Amino acid sequence: MSSTSKARQRVLSLLDTNSFVEIGALVRARATNFNMTAAREASDGVITGYGLIDGRLVYVYSQDAEVLGGSIGEMHARKIAALYGMAIRTGAPVIGMVDSAGIRLQEGVDALDAFGMIYAQQAKASGVIPQICAVFGRCGGGLSLTAAMSDFTLMEKDAHLFVNAPNAVAGNQEKDNDTSAAAYKAAAGDVDFVGSEEEILGQIRYLFRILPSNNEDETEGECADSLNRACPSAGSLIEDPRAAMCEIADDGLFFEKKKDHAKDMFTALARMGGTTVGFIANRCAALGADGKKAEAFSRTLTAAGCKKASQFVRFCDAFEIPIVSMTNVTGFSSAKEDENAVAAAAADLTFAFAGATVPRINVITGRAGGSAYAVMNSKTLGADLTIAYANASVGMMEGKIAARILCAGTPEEIAKTAKEYDALQNSIEAAASRGSIDQVIAPEDVRKYLIGAVEVLYSKRELLPARKHASL
């Protein structure tokens, strides 16, 4: 195998200089059927080993498409499984760089067992060590599950990720709809980030800096940003929490999860005062680079948005990452495509929040309305602290709608009833007087309040009722 293969260069480019130590370089395939003897290449199509990123230990495997197409066979899989075993025992993340022709047909059942071997180790590692998958080239068939079972999946813009090849999907043709393309997979929620190879390696390095090494590791780091810095635009950016995050996060940096999927829900990891925090926020608009509204979304919870958020909550809870939710919601989506799924998805999000024992902070930035507010990490659902912007509102429904139900009088009387209802039932002051709100703040002060909240909740300990797991 060439020492200058793309697979090896990716590893060397990702890791700290001179830190990579290869494991299993002399491993060869054992199969001899179908003229395999002549193709028994050293390393068996995958480079495995360990190294450092910013001085921290990480395990890496990189499939080599120049050797047997990077195909998955028995010994190829054993190398990856052994790497996972070491990573689990030493508490360090695994980064997989995928570029493979798929299953090695010549090895038959041994190749099928190879997939099961990798799946089993990934399942064992889930919630114990972070798993990052970068797709370069092809990742098809059973191999696509390794990407789906990872915590983060990044994909080179010209790569292909699929269970079934596009032309094998009933009623589909690749030339019209490439279901394996990076853009398609990102929109479907299978991929977190799409970019060039250089961009992907850069994103992995940044992500690695803010992730804990394992589920017992600290998530604190140095913070050069001011802890008391004001966020002057926070109040005007409540519709687009992604734009607000550029002001709120340390140095304006964050890693957005599933960026192009369910855009009505924002999920991201960022540092706040040096501590890694998971942010979840429903989104009403996407602002362009010029600050103008590029896309608009309903201020409601959708099925896809709830599912995206619940997966992220569970990831944060598994790795002891504090959660900050930012709420600006009026209810549940009434779209026909959501009606059959939104109740189950919202229930799943409710389970996720209620079962999370990490520090949980909710920031009401705009409207917190109806039972959707209760789902979004409300105080009654177990949030440790609830903060509200001074101009936000909390209540069952808007006064102008409630007044039409409560009052059958003249337009003037209905308007008066609406005003009274808003004051009594929808104001932040009313919610705070009932203990539903802990702090009312000016939007520009949100960063320093969040940093303080994360710090004061650092030592939180909570035990849930003894059980194996929830039944749904």
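For the numbers below, each heavy atom of this structure counts, side chains included, while hydrogens, waters and symmetry mates do not. Values in this document were obtained by computation on a predicted structure and should not be read as measured data.
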Looking at [X], I'd like to know if its [atom1] atom is crowded, meaning that more than 12 non-hydrogen atoms belonging to other residues, nucleotides or ligands lie closer than 6.0 Å.
{"X": "Glu337", "atom1": "CD", "value": "yes"}
{"X": "Lys307", "atom1": "NZ", "value": "no"}
{"X": "Asn18", "atom1": "CG", "value": "no"}

Does this structure show an ion pair linking [X] with [Y], if we count only N-O contacts that are shorter than 4.0 Å?
{"X": "Glu239", "Y": "Arg299", "result": "no"}
{"X": "Lys6", "Y": "Glu66", "result": "no"}
{"X": "Glu256", "Y": "Arg242", "result": "yes"}
{"X": "Arg271", "Y": "Asp250", "result": "no"}
{"X": "Lys257", "Y": "Asp192", "result": "yes"}
{"X": "Arg447", "Y": "Asp225", "result": "yes"}

Using only atom types and a distance under 3.5 Å, with no angle test, would you say the side chain of [X] pairs donor to acceptor with the backbone of [Y]?
{"X": "Asn177", "Y": "Thr179", "value": "no"}
{"X": "Asn362", "Y": "Ala383", "value": "no"}
{"X": "Lys308", "Y": "Met265", "value": "yes"}
{"X": "Thr330", "Y": "Gly369", "value": "no"}
{"X": "Ser144", "Y": "Gly140", "value": "no"}
{"X": "Tyr119", "Y": "Gly142", "value": "yes"}
{"X": "Ser19", "Y": "Leu52", "value": "yes"}
{"X": "Asn214", "Y": "Ile129", "value": "no"}

Value rounded to 0.5 Å, distance of [atom1] in [X] from [atom2] in [Y]:
{"X": "Ser371", "Y": "Met376", "atom1": "OG", "atom2": "CE", "answer": "13.0 Å"}
{"X": "Glu295", "Y": "Lys263", "atom1": "CD", "atom2": "NZ", "answer": "4.0 Å"}
{"X": "Ile364", "Y": "Ser325", "atom1": "CD1", "atom2": "OG", "answer": "8.5 Å"}
{"X": "Asp251", "Y": "Cys223", "atom1": "CG", "atom2": "SG", "answer": "6.5 Å"}
{"X": "Cys231", "Y": "Glu247", "atom1": "SG", "atom2": "CD", "answer": "5.5 Å"}
{"X": "Ile118", "Y": "Arg78", "atom1": "CD1", "atom2": "CZ", "answer": "11.5 Å"}

Does the side chain of Tyr59 come under 3.5 Å of the side chain of Thr90 through a donor N or O and an acceptor N or O?
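Distance-only check passes for Tyr59 and Thr90.
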
With no hydrogens and no angle check, do the side chains of Arg56 and Ser213 hold a donor and an acceptor under 3.5 Å apart?
yes

Can Asp99 and Arg138 be said to form a salt bridge (charged side-chain N to carboxylate O under 4.0 Å, His left out), step by step?
CA-CA 5 Å; Asp99 187 357; Arg138 292 168 61 86; over 6 Å; no

Sub-4.5 Å side-chain heavy-atom contact between [X] and [Y]:
{"X": "Phe279", "Y": "Met245", "answer": "yes"}
{"X": "Phe319", "Y": "Leu211", "answer": "no"}
{"X": "Val191", "Y": "His261", "answer": "no"}
{"X": "Leu207", "Y": "Ile132", "answer": "yes"}
{"X": "Cys284", "Y": "Asn328", "answer": "yes"}
{"X": "Asp190", "Y": "Thr153", "answer": "no"}
{"X": "Ile280", "Y": "Phe353", "answer": "yes"}
{"X": "Leu154", "Y": "Ile204", "answer": "yes"}

Set of side-chain contact (heavy atoms from CB on, under 4.5 Å) partners for Phe351, sequence neighbours left out:
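side-chain contact (heavy atoms from CB on, under 4.5 Å) list for Phe351, sorted by chain: Arg314, Ala470, Leu472.
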
Could you work out, with side-chain contact (heavy atoms from CB on, under 4.5 Å) as the rule, every residue matching Asp158, not counting sequence neighbours?
Glu156

Ring centroids only, cut at 6.0 angstrom: are Phe152 and Phe315 within range, meaning strictly under it?
yes

Applying side-chain contact (heavy atoms from CB on, under 4.5 Å), run through Phe20 and Tyr50 and close with a yes or a no.
CA-CA 6 Å; Phe20 179 60; Tyr50 58 88; over 6 Å; no

Of Asp264, Asp348, Thr350, Leu301, the one forming a side chain to side chain contact (heavy atoms under 4.5 Å, CB included) with Cys306 is Leu301

Going through the distances and angles, do Val46 and Thr48 end up as a side-chain contact (heavy atoms from CB on, under 4.5 Å)?
CA-CA 6 Å; Val46 62; Thr48 55; 4.1 Å; yes

Could you go step by step and tell me if Val324 and Val363 meet the side-chain contact (heavy atoms from CB on, under 4.5 Å) rule?
CA-CA 7 Å; Val324 172; Val363 182; 4.3 Å; yes

Axial cation check for Phe136 ring with Arg10, 6.0 Å and 45° limits:
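That pair qualifies as a cation-pi contact.
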
Start with the C-alpha gap between Gln203 and Phe255, add the side-chain angles, then the distance that decides, and say whether side-chain contact (heavy atoms from CB on, under 4.5 Å) holds.
CA-CA 8 Å; Gln203 284 292 308; Phe255 182 92; 3.2 Å; yes

